[in-house]
Amino acid sequence: DQRAVRSLTYRLLRAMALPMLALAIALGIGGAWAIEESVESVNDRILGAASPSIAESLTVEGGEISLKLSPAIFGMLESNARDNVYYSVRHRGRLLTGYADLPVIAGSELADTEVKFGKAVYLGRSIWIVAEARRLPEIDAPVVIQVVETLDARDRISKRMLVALALLEITLMGVAAVLVPLAVRWGLKPVSEVR
């Protein structure tokens with residue numbers, strides 16, 4: 001009788017193990033995707049706020065484009081935890097200000113206030129670029145503002161969150177491995193008593 005109950009217990013545990021493992025894997029994949037999306041979204045919003053701020057500082061004086069950059073524009077991007085930030089402002093491909101050797105992801109084909117994101121490599125490091133076009137009075141083609149950020153901080157944040165997710169999954173699987181057999185035995189106790 002005891003052998004039959006034990007045999008039934010092990011069969012139930014084996015039957016439950018695969019679906020629980022599949023569920024844990026699915027939750028892990030979903031959690032990893034959610035973490036990546038969240039980190040990208042938050043950082044894109046911060047980076048994306050810089051290009052309109054630079055665009056607002058563009059003026060036209062005597063048919064010439066001038067730029068009065070406020071230190072506060074880049075102050076919002078800077079912190080010890082964040083990466084290097086670079087920028088460029090171009091009109092018809094000609095550099096007006098910023099870093100001349102930055103990769104260009106968009107030219108004057110962008111419509112007014114259109115924003116484009118892209119990935120590239122700069123100085124041997126992966127970067128994320130936001131480009132925004134602005135039309136100015138008396139200027140024939142839009143001015144393209146690019147703000148660039150290296151990706152090290154994003155990667156660090158993602159990795160930390162993924163490690164935390166993995167530790168949580170391992171803990172939950174460990175707790176389940178201990179509690180499920182106890183629950184099955186407890187649930188089968190009346191069957192054992194009836195036998």
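What you see is a predicted model, and the numbers here were worked out from it, not measured in a lab.
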Hey, could you give me the [atom1]/[atom2] distance between [X] and [Y], rounded to the nearest 0.5 Å?
X	Y	atom1	atom2	value
I129	I127	CD1	CD1	4.0 Å
E64	T59	CD	OG1	11.0 Å
L165	I170	CG	CD1	9.5 Å
I25	M173	CD1	CE	8.0 Å
R125	E149	CZ	CD	10.0 Å
R94	R90	CZ	CZ	11.0 Å

Same apolar cluster: [X] and [Y], side chain cutoff 4.5 Å:
X	Y	result
L110	I54	no
L168	L23	no
V148	I105	yes
V115	L136	yes
V85	F117	yes

Inset, instruction - Give a yes or no on this: more than 12 heavy atoms of other residues, nucleotides or ligands lie within 6.0 Å of atom OH of Y99. - result: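 At most 12 heavy atoms, drawn from other residues, nucleotides or ligands, come within 6.0 Å of this atom.
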
Minimum-distance pair of heavy atoms, taken over all atoms of [X] and [Y]:
X	Y	answer
Q146	A131	CG-CB, 3.8 Å
A55	R134	CB-CG, 3.3 Å
H91	P142	CD2-O, 3.8 Å
A133	A111	CB-O, 3.4 Å

Inset, instruction - Dump the intermediate steps for side-chain contact (heavy atoms from CB on, under 4.5 Å) on Y122 and D101, then the final yes or no. - result: CA-CA 8 Å; Y122 180 62; D101 56 346; 2.7 Å; yes

Inset, instruction - Go through L151 and K119 one step at a time and tell me if the side-chain contact (heavy atoms from CB on, under 4.5 Å) criterion holds. - result: CA-CA 10 Å; L151 298 175; K119 204 171 193 177; 3.4 Å; yes

So [Y] and [X], do their side chains get closer than 4.5 Å, heavy atoms only?
X	Y	value
L102	S88	yes
V60	I139	yes
I145	L58	yes

Inset, instruction - Would you check if there is a donor-acceptor pair between the side chains of Y87 and T97 at a distance under 3.5 Å? - result: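 Yes, because at least one side-chain N or O of T97 sits under 3.5 Å from a partner of the opposite role on Y87.
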
Inset, instruction - Applying side-chain contact (heavy atoms from CB on, under 4.5 Å), run through L162 and E36 and close with a yes or a no. - result: CA-CA 9 Å; L162 288 170; E36 290 298 323; 3.8 Å; yes

Inset, instruction - List the steps and the verdict of side-chain contact (heavy atoms from CB on, under 4.5 Å) for V143 and L96. - result: CA-CA 9 Å; V143 175; L96 302 175; 4.3 Å; yes

Legend entry - Pair K116 + E132, salt bridge at N-O below 4.0 Å: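 The answer is no: the pair does not qualify as a salt bridge.
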
Legend entry - Residue among K159, M161, R154 satisfying side chain to side chain contact (heavy atoms under 4.5 Å, CB included) with I157: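 Output: one option passes, namely M161.
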
